Amino acid sequence: MAPSLEEPAAQAFDSPQAALEAPLKAQPKLVAPEPEHCPGPSSSAAGTASSCAGCPNQSICASTPKGPDPDLPAIAARLSRVRHSLLVLSGKGGVGKSTFAALLAQGLAGADPRAQVGLMDTDLTGPSIPKMLGVEGEGVHVSGEGWEPVWAEFMLPSRDDAVIWRGAKKTGMIKSFLRDVSWGALDCLVVDTPPGTSDEHLAVNSLLRDAAPRGRLDGALLVSTPQEVALQDVRRMLDFCRKAAIPVLGIVENMSGFVCPKCKAESQIFRASTGGARALADEQRVPFLGAVPLDPRIGMACDYGESFLESYPDSAASKAIRGVVRRVTRAMALRYGEEIMHI
Amino acid sequence: MSLNNIQHIVLVLSGKGGVGKSSVTTQLALGLSLQGHSVGVLDVDLTGPSIPRFFGAEGARVRQAPGGWLPVPVHEAQTRETRGGNNNSGGEGADSSGATIGALSCMSLGFILPSRGSAVVWRGPKKTAMVRQFLSDVLNTLDYLLIDTPPGTSDEHISLLETLLKDVQPPSRLSGAVVVTTPQAIAVSDVRKELNFCAKTGLRVLGVVENMAGFVCPHCSECTNVFSKGGGQAMAAEFEVPFLGRVPIDPAFVRLIEEGVRPSYPEGTMVGGREAEMRVKGNVDGEPSDTADKNAPLVQKYTSCSLYPVFEGIVTTLKQNVEAVS
């Protein structure tokens, strides 16, 4: 095969903007896999882009009606009573996105008994929210306590089954999360995402943006661990947010510092050799929302599906989390000049 | 097709992110290299490539050669450095298998990106094309190719497996997968999905590595199970796949990667099950982290790391499992 160093590089780096801005329309039924530089069968350039020439799907893509996705009004109707929404993002995996999304939702709901909080897990190939909330094994249901849980896993026959899905299928699943789930009246919808910057992120971003023209996507919360390897991925995520025009509410540093239960001395498990998330936040001019220490009990609470905030309300980690929740609440409320939501 | 010159292909997988796939890949590569094999590392985590940083090769670029791309060299094949104190600690088995260090090279999208901060926002088909190109256009002549993957079971994994299953001849050269997990139940529940992915695609599981099992407090040498313990081993037993070993968290390894500081330990530091060995190593090796050392190659400095003996065992078991396939 002929080497082609320039070709992918040149095409690759002008595309993020195109991928982000592509308005959604109905997804056509394809007869062949999408080609390499496919603009996306649901984008407005479908069937007309230069890479579409010769693609067996071209006529199908080109003949699908252009214009907005017919599902958008349905999604907008579903989300009409959702007052705020925020994304929990991180370029890196395993930094505690799901843990933090769960804690944040519990923190928001726990601060006021009237608050209704929804949590949507868009990590389709590795959903962990069900286990963290202790609702593993349940079907899709609605409860009166402020939770309306829906996860892909609940639709799988067994909890160990792998979801081996390509991008287009994941986009479809996320759409049906938003379209088919009765979210009802929520004060806040917290959206947990998988690591990386790919299909899921593009789908969530464009659906929330297009379905809610008032801009109910309040912003993104970035989670990082202190070491540079993780910060590097977060830097890419900030670049993504900037390109996608998602406001960044701030960065949370998770797993920062560990207090030895025996000698009470603090040590840095993930050493912040470049100043950690705080330095990154300063460098990138985004708010720093706080540092949450590594507490083995958080992991244990998640394993057993208990609420860490309720079980250990006085621990240093709980205090740090509540501080972050407070700052997030303030940041979201300030953005719209609204009253602070019931918290 | 460049895959023809590779003896063994090993994938490093995990359903969960941040369990240390890249760090395990790095250490497997260093371990194999220290046993005298030539090793290549391919990073197919396209949206979050971290292999360049792990090997301290962030500024490097891919070079083009007739017929394809040249991977970025980390170190050339060399004879093992014998420094006063290291002579003893190195003698724990590596010397018996030859004192040569195999060449190590790596390939990642990070070497093609214009800047380390730019986001790669790619949909599935594009990622597929990139993975195919990595497999077909990178020129490698290797004993072992380790492939570091992103978390999950999606486009990258499907494309990788499709291409490998189609192009690797004879199929026995596709040795199988090392599955990495952390001990806590949340991670294990994701990694179980990965084991099922291997089963569905007919990929052999060479073994499970339980990473981040315990943290040794540098102040008092007390070992805390930060992410609980034993989950990986139990999962391996349940799925009837080999268990390769348990790797503790070692902040000195992180420092080695981040700052290039040769690891050193306070006297009597114990690392999971290797107490005696470590104590000897710590004492013999007891020189303070000298800054003059900073420019020594990563592979030389790694031999001072407490995780090296742990990975030496893992690599030896892994090699046996690989041989059993081919």
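Here is how names work: the chains are called A, B, and so on, in the same order as the sequence lines, proteins then strands, and each is numbered from 1. The structure presented is a predicted model; accordingly, all values stated were derived computationally and were not measured.
- Contact count versus chain B (heavy atoms, under 4.5 Å) is highest, among Met237(A), Lys170(A), His201(A), for Lys170(A).
- The main-chain N or O of Val120(B) is found under 3.5 Å from a side-chain atom of Thr197(A) such that the two form a donor-acceptor pair.
- Residue Thr274(A) holds its OG1 atom at 9.5 Å from CD of Glu259(B), rounded to the nearest 0.5 Å.
- Residue Phe215(B) touches chain A through its side chain alone, counting heavy-atom pairs closer than 4.5 Å.
- Contact count versus chain A (heavy atoms, under 4.5 Å) is highest, among Pro150(B), Ser14(B), Gly17(B), for Gly17(B).
- Only the side chain of Phe239(B) comes within contact range of chain A, with at least one heavy atom under 4.5 Å from a heavy atom of that chain.
- Within the 4.5 angstrom heavy-atom criterion, only side-chain atoms of Phe258(A), from C-beta onward, approach chain B.
- Of the inter-residue distances, the one linking Asp233(A) atom CG with Arg53(B) atom CZ reads 11.0 Å to the nearest 0.5 angstrom.
- There is no contact between Val95(A) and chain B, counting heavy-atom distances below 4.5 Å.
- Using a 4.5 Å cut-off on side-chain heavy atoms (C-beta onward), Glu58(B) and Gln232(A) make contact.
- Taking 4.5 Å as the limit, every side-chain heavy atom of Gln227(A) sits out of range of all side-chain heavy atoms of Ile257(B).
- The shortest side-chain heavy-atom distance between Gln184(B) and Pro296(A) does not fall under the 4.5 Å cut-off.
- Residues Asp155(B) and Asp199(A) are in side-chain contact: their nearest non-hydrogen atoms beyond the backbone lie under 4.5 Å apart.
- Contacts with chain A were tallied for Pro125(B), Ala129(B), Gly152(B); Pro125(B) has the most, counting heavy-atom pairs under 4.5 Å.
- Residue contact with chain A, scored on non-hydrogen atoms closer than 4.5 Å, is absent for Lys21(B).
- Looking at Ser22(B), neither its backbone nor its side chain comes within 4.5 Å of chain A, counting heavy atoms on both sides.
- Atoms CD and CZ, from Glu258(B) and Phe270(A) in turn, are 11.0 Å apart once rounded to the nearest 0.5 Å.
- Put simply, of Gly299(A), Cys302(A), Gly91(A), the one with the most heavy-atom pairs under 4.5 Å next to chain B is Cys302(A).
- Contact annotation for Ile186(B): both backbone and side-chain heavy atoms come within less than 4.5 Å of a heavy atom of chain A.
- In this structure, the separation between CZ on Phe240(A) and OG1 on Thr47(B) is 10.5 Å, given to the nearest 0.5 Å.
- Using modelled atom types, one side-chain atom of Ser198(A) and one backbone atom of Trp122(B) make a donor-acceptor pair closer than 3.5 Å.
- Contacts of Val254(B) with chain A are made by side-chain atoms alone, with heavy-atom separations under 4.5 Å and no backbone atom involved.
- Judged by distance alone, the side chain of Asp303(A) and the main-chain N or O of Ala185(B) form a donor-acceptor pair under 3.5 Å.
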